[in-house]
Amino acid sequence: MHSILNITRNDLRIFFSQRGNLMGLVALPVLFTLVLGWAFGGNGDNSAPRLRVDLIDQDQSAPSAQFIDDLHRANDALVLCPADNDADDFCQLNGEPLTVERAIARARNEDTEALIVIPAGYAEGMASFAPVQIDFYAAGNPTLPNPVRQSLDVVVQQASSAALTTNVLDAVLQDVTVRIGIDALTQNLRSQFATELYANVQTQFADRPDTVRYVASAGEDAASVDQGFGQSTSGMGAMYVMFTVLGGMAVLQRERAQWTLQRLNSLPVAPWQILAGKMLTYFCLGMLQFLVVFATGLLVGLNYGRNWPALMLVMVAFVLCCTAIAFAIAPRVTNEEQAGGVARLLAMALAPLGGAWWPLEIVPPFMRQIGHLSPVAWAMDAFHDLLFFGGRLTDILPEVGVLLAITILFFGIGVNSFRKLLA
Amino acid sequence: MPPMVQTQKLCKSFRRSDGSMVDAVKGVTFDIEKGEIFSLLGPNGAGKTTLISMISGLLAPTEGDATIGGFSITQQPIEAKKLMGFIPQEIALYPELSARQNLLFFGRMYGLGGKELNRRVDEVLAFIDLADRQKDRIDTFSGGMKRRVNIAVGLLHRPQLIYMDEPTVGIDPQNRRRILDTVKQLRDQFQMTVLYTTHLMEEAQELSDRVGIIDHGEIIALGEQGELTQQVGEEDRIEIGLGNRAVPATYPAELQAQIPGVTRILYTPAEQLAEGSSQSTPARLTAFAKRGRTALPQLIQVLNKDGYEIQSVEVREPDLEAVFLALTGRALRD
Ligand SMILES: Nc1ncnc2c1ncn2[C@@H]1O[C@H](COP(=O)(O)OP(=O)(O)O)[C@@H](O)[C@H]1O
Ligand SMILES: [Mg+2]
């Protein structure tokens, strides 16, 4: 153990004695995390995510149309299928009709964010100020905030406030007419008045969209800042971890060329201790790299909440995975330059493929599948789960499991060929 | 007393990148006695580094084994390695660290620590005369200074046995002198056993108690210097450097026939020192004769008559170079 720690300490000292390494470990990752974070999270209407939501209007009335309008106004990211479908079939309807059963299945499979059903009789119910039920289906934890439901809540609240206001005014009106002794208004007149009143209140709300939207849009904006830096910290973290850890291959080849590795092997230490010391070096550097990037996220206001242990677990699994890959490849290249080239190539290929540059959620499904050939994708899935979707430790265990399986595979290869580097 | 090092039929084959095999070491067996300087003398590519790598546990032998102080290097590598200090042909130091940091690191790897470690480091720094530069980074050192630190690392744990693989390659005469003196000091002052490899006859001659001559992966002669030179007889060796005119293949034999007392004449054509280099070693005739000084005038006379330009003449007593020449027909080249 003493020998292993001694090797690691010495390697780290050498790493930090080189200025260029600090550039790669701190300056560049911090810069790119910030730039990408702002780019993703900034005032980008065009980069705003689009949420696929099925909306079945069984009422087909003016009030239901009004309701749909209000939904759009509350959250312009909503694509209400099938009505809003575009030429690219964003709704993924494949030209088939959207029945309630199909829509429920889609929501359950998370093909859509949610399903909203406006029942037949909505207009009638609103007119008579009777309670109407809007059905909402979404997979996932109902206690967690969901942008679609938040928007829906706003609209429903708006509609019922209008109805409530109308109801109250109607009651007051009746009270007043009774008190001042005029003949009670005919039912017909009253209803006409109430309807006008309702429409008026609705218009009032609509004319002051800011106050109404405020609730929804404040939440949305907050989420998009988080999303920008959530994406950039996890993405840049994963990419620079790969640069740093895979860069170890070049260092191993340099040590072989300058014979320090062979000299270590001529000392009374077992080869496995040398391997462990070197691996521990790159494990430490990888973890440090993640911490630098996630600390940057913390500084710009990213909130990791109580997810720290789970985030750390993902980081550990990903860094172990990169370390194992580095040590599996290092004996198979012939010199430092080649090792550096392979390291850069791997990092630059696996990072975008695995969603480190842009979220895999926005690429076509087949690209998403190919992307999961990259360990980065599994780490990104886990990070996104924790940062955006309220995932807990137990939710990310499958991703961590995949990363550890890759680790074991490459570790086996690396252990077998490490001796090649020592002689 | 049992030998310090015993090798038994050590073999090493490498697979080249094109798939073919190279037998770098072919069944080498020899002993190194306690307290002696044993030199392995052989030209570049003879297999010296491969051999020393096997007996220091870096390379697994393809066949055979070696014991160090009784411990098998393949079966008990840790015990065997504790007895030895290995000084590689390359400068195996961390260029980014200071001399002292390098020594401290390797000292800790030998299991040293605390005051003991610091004392040993001070000791070896004084021994190589670099105490004043100990805080400087290795990459600011001259080649000779790096070589001395390289040696110091192998001495930190006061091993009984030191391997030195061509420790004087690429340094100036002053530093070379210093290193040769150091090697003798290790034997005479500290009773260490030294295995020293070189392609320089003079070094082997100056240092060794015993010499193994290695060529193409085989030990072709082994013993004390006197024994070896006796093997080639008591003949002197006359080295004649020739101008650029090429010598026909049949000429050495014709020449030998004309001069009584000359037993053999070898021809070594001119050779470029390095690819693309303008420097080259001149073509040489090497004649062996019982009494070199009597054969010399006649040799010069015949060469003059045949129109060869003589650039240099040297008569040498029997030496290791002669042994190598006699056994291989080739010269040991610097
Ligand atoms: N790793 C290797 N792979 C292939 N061939 C090698 C390797 N190491 C050494 N050789 C070959 O083995 C022979 C002996 O090399 P080496 O032991 O370095 O000689 P020396 O140290 O005497 O100059 C050479 O022909 C060399 O090319
Ligand atoms: Mg060599």
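Chain A is the first sequence line, chain B the second, and so forth, proteins listed ahead of strands; every chain is numbered from 1.
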Has the side chain of A/R263 got a donor or acceptor atom that lies under 3.5 Å from a matching backbone atom of B/N150? yes

Checking heavy atoms, do the side chain of A/L261, its backbone, both or neither come under 4.5 Å from chain B? neither

Under 4.5 Å from a heavy atom of chain A, the part of B/L97 involved: side chain

Might you point out which heavy atoms bring A/S17 and B/R137 nearest each other, and give the distance in Å? O-NH1, 4.2 Å

Smallest separation among heavy atoms of B/L58 and A/W259, with atom names: CD1-CZ3, 3.7 Å

Heavy-atom distances under 4.5 Å only: say whether B/I87 touches chain A with side chain, backbone, both or neither. both

Option that, when pairs with chain B are counted at under 4.5 Å, heavy atom only, ranks first among A/A270, A/P271, A/A257, A/S266: A/S266

Among A/I14, A/L422, A/V269, which residue forms the greatest number of heavy-atom pairs with chain B at distances under 4.5 Å? A/I14

For a quick test of reading the model, state the closest non-hydrogen atom pair linking A/Q258 to B/E90 and the distance between them. O-CB, 4.4 Å

Identify which part of A/R9 has an atom lying under 4.5 Å from any heavy atom of chain B, answering side chain, backbone, both or neither. side chain

Roughly how far, to the nearest 0.5 Å, is CD1 of A/I274 from CE of B/M109? 6.5 Å

With a sphere of 6.0 Å drawn around NZ of B/K82, does it hold more than 12 non-hydrogen atoms of other residues, nucleotides or ligands? no

Do any N or O atoms from the side chain of B/K81 and from the backbone of A/N265 form a donor-acceptor pair under 3.5 angstrom? yes

Criterion side-chain contact (heavy atoms from CB on, under 4.5 Å) on A/L264 and B/F105, from CA distance to verdict: CA-CA 10 Å; A/L264 276 179; B/F105 168 65; 3.8 Å; yes

Counting heavy atoms not belonging to A/R254, are there more than 12 under 6.0 Å from its CZ? yes

Residue B/Y94 excluded, over 12 heavy atoms near OH under 6.0 Å: yes

Nearest 0.5 Å, what's the CG-CZ distance between A/L267 and B/F86? 10.5 Å

If you draw a 6.0 Å radius around CZ in A/R13, do more than 12 non-hydrogen atoms from other residues or ligands fall strictly inside? no

Would the number of heavy atoms belonging to other residues, nucleotides or ligands and lying under 6.0 Å from NZ of B/K9 be above 12? no

Does B/E116 have more than 12 heavy atoms from other residues, nucleotides or ligands lying within 6.0 Å of its CD? yes

Can you tell me if CZ on B/F127 sees more than 12 non-hydrogen neighbours from other groups inside 6.0 Å? yes

Nearest-0.5 Å distance, CD of residue A/Q273 to CD1 of residue B/I78: 6.5 Å

On a heavy-atom basis, which atom in A/Q18 and which in B/E96 lie closest, and how many Å separate them? NE2-OE2, 3.6 Å

